[in-house]
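Structure first, then comments.
This one's a predicted model, so the numbers in the text were calculated from it and none came from an experiment. We count residues from 1, following the sequence as given. Hydrogens, waters and symmetry mates are skipped; everything else that's a heavy atom, side chains included, is used.
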Amino acid sequence: MVRRIEVTGSGGVRLAAWEFAEPPKAGGRGRYGGGPVPDPGSREGGVLLLHGLLGRAAHWAQTARWLSTRYRTIALDQRGHGRSDKPVSGPYAREAYVADAEAAVEQLGLAPVTLIGHAMGALTAWQLAARRPDLVRALVICDMRASALGAATQREWSQWLGSWPVPFATLADVRKWFGEDDPTLERPAPSRGDFYAEVMAERADGWRPLFFRRQMLQAREGYAHDAHWEELALVECPTLVVRGLDGALGRAEAQEMVRVLPRGRYAEVPDAGHLIHYDQPDGWRRVTEPFLDAAVPA
């Protein structure tokens, strides 16, 4: 079961949050005894899931379903993504994303929260943990570098986004292009095709992204040009750094991130690329579940 909750982000931006709950079992009693979901103003704490650039809250669905059997679990469509607002003038700076996440935690009564972020969402998570240690009790960083990615990558991304053959005639075409035909692919990746199919919406002329590519490049500038090691060192809570063996985060950098973190732990998922939680959900769960069991008793 999932329900939509409205959150007011920084500058009044409307954000869509999605709360996952275990469906009622036979006899009508689910995780909350068949009664209402706990009052968002309660202080029981919970989990906030933050997707990466180009993503959406729905990409966390499988993770959210198993987490929701133990914790109050909410996934956020970040500004410019999914069903959240996409203000023309932004801002899409790091500060805005962190302030949005902070607003979600406070308005939904999730503190002390466990933050689980993928890529850009992981950076948002550790920046919030550094800024507001009083709000965060545990953190999972999924395949995100602390080093600046480099100005050249912005040019590469701009060219890649411009190469998309939009509009797509069908969702099957979306899956085929991102899973097979994209020239940046080294080998077919069906789950990647599924991933991008989830961020498309049908328009009068075909299927187009739920986001604006110019805004995505603006959002990426904050970590293309800047490193974030100092904020990582300020994270006080238990933190797990997870990488896929074929992902964007190299082993040496991941292990250095763990060393910098005051309470860092390291894990890697074999046969996984950048979309660890999405294309290797079993491996992802195997490494994150024991960490959460120890750091955040249900």
Salt bridge (Lys or Arg N to Asp or Glu O under 4.0 Å): pairs with one or both residues in residues 239-264, sequence neighbours excluded | Arg145-Glu253, Arg187-Asp246, Arg243-Glu268, Arg251-Glu268, Glu256-Arg259

Listed once per pair and sorted, the salt bridge (Lys or Arg N to Asp or Glu O under 4.0 Å) pairs that draw on residues 80-92, sequence neighbours left out | Arg14-Asp85

Polar side-chain atom of Arg192 near backbone of Phe178 as donor-acceptor pair, under 3.5 Å = yes

Is it true that Glu236 and Arg137 have a side-chain N and a carboxylate O under 4.0 angstrom from each other?
-> no

Return the minimal non-hydrogen interatomic distance between Ala101 and Leu50, and the atom names on each side.
-> CB-CD1, 4.4 Å

Contacts of Asp181 meeting side-chain contact (heavy atoms from CB on, under 4.5 Å) (sequence neighbours excluded), chain-then-number -> Lys176, Trp177

Going only through I, L, V, M, F, W and Y residues with side-chain contacts under 4.5 Å, is there a path from Leu210 to Met216?
-> no

Got a donor-acceptor contact below 3.5 angstrom from the Ser163 side chain to the Leu161 backbone?
-> no

How far apart are the closest heavy atoms of Gly52 and Ala119, and which atoms are they?
-> CA-CB, 4.2 Å

Find out if a path of hydrophobic residues (ILVMFWY) with successive side-chain heavy-atom gaps under 4.5 Å connects Leu115 to Val260.
-> yes

Looking only at atom types and distance, does a side-chain atom of Arg79 sit under 3.5 Å from a main-chain N or O of Pro91, one as donor and one as acceptor?
-> yes

Look at the side-chain heavy atoms of Ile, Leu, Val, Met, Phe, Trp and Tyr, link any pair under 4.5 Å apart, and say whether Phe211 and Trp160 land in one connected group.
-> yes

Sequence-distant partners of Asp293, salt bridge (charged side-chain N to carboxylate O under 4.0 Å, His left out), two or more places apart | Arg70

Under a single-linkage definition using a 4.5 Å side-chain heavy-atom cutoff for Ile, Leu, Val, Met, Phe, Trp and Tyr, are Ile276 and Leu185 assigned to the same hydrophobic cluster?
-> no

Hey, is the main chain of Leu217 close enough, under 3.5 Å, to the side chain of Gln154 for a donor-acceptor pair?
-> yes

Side chain proximity check, Trp126 to Glu231, heavy atoms < 4.5 angstrom = yes

Taking side chain as C-beta onward, heavy atoms only, is Pro87 less than 4.5 Å from Val13?
-> yes

Does any non-hydrogen side-chain atom of Glu102 lie less than 4.5 Å from one of Leu135?
-> yes

Check whether any side-chain heavy atom of Ile74 sits under 4.5 Å from a side-chain heavy atom of Leu49, and report yes or no.
-> no

Please report the closest heavy-atom contact between Met200 and Pro209, naming both atoms and the distance.
-> SD-N, 3.5 Å

Excluding sequence neighbours, so at least two apart, what forms side-chain contact (heavy atoms from CB on, under 4.5 Å) with Val7?
-> Leu15, Ala17, Ala104, Gln107, Leu108

Quick one: pull up CD in Glu221 and CG in Leu149 and give me the separation to the nearest 0.5 Å.
-> 12.5 Å

Could you name each residue pair satisfying ring pair (Phe, Tyr, Trp, His ring centres under 6.0 Å) that touches residues 72-91, not counting sequence neighbours?
-> His51-His81

Is there a side-chain contact between Trp207 and Leu171, using heavy atoms and a 4.5 Å cut-off?
-> yes

Centroid-centroid under 6.0 Å between His59 and Phe195 rings = yes

Taking only residues two or more places apart in sequence, or in another chain, which ones meet Thr288 in a side-chain contact (heavy atoms from CB on, under 4.5 Å)?
-> Trp66, Val140, Leu240, Val242, Trp284

hydrophobic_cluster_shared for Leu234 and Leu123, side chain cutoff 4.5 Å | no

Check against side chain to side chain donor-acceptor pair (under 3.5 Å), Asp182 and Trp164 | CA-CA 8 Å; Asp182 182 348; Trp164 294 11; 5.6 Å; no

With sequence neighbours excluded, residues passing salt bridge (charged side-chain N to carboxylate O under 4.0 Å, His left out) with Asp194 | Arg175

Residue pairs meeting side chain to side chain donor-acceptor pair (under 3.5 Å), one or both in residues 87-98, sequence neighbours left out, come to Tyr92-Gln215, Arg94-Thr124, Arg94-Gln127, Glu95-Arg131

Heavy-atom side-chain contact between Leu232 and Ile141 under 4.5 Å = yes

Side chains of Pro281 and Thr63: closer than 4.5 Å at any heavy-atom pair?
-> no

Who are the salt bridge (charged side-chain N to carboxylate O under 4.0 Å, His left out) partners of Asp77, not counting sequence neighbours?
-> none

Salt-bridge test for Glu198 and Arg56: reply yes if a basic N is under 4.0 Å from a carboxylate O, no otherwise.
-> no

Taking C-beta and beyond as the side chain, do His118 and Tyr278 meet within less than 4.5 Å on heavy atoms?
-> no

What pairs with Arg203 under salt bridge (charged side-chain N to carboxylate O under 4.0 Å, His left out), at least two apart in sequence or on another chain?
-> none

Residue pairs fulfilling salt bridge (Lys or Arg N to Asp or Glu O under 4.0 Å) with at least one residue in residues 209-218, sequence neighbours excluded | none

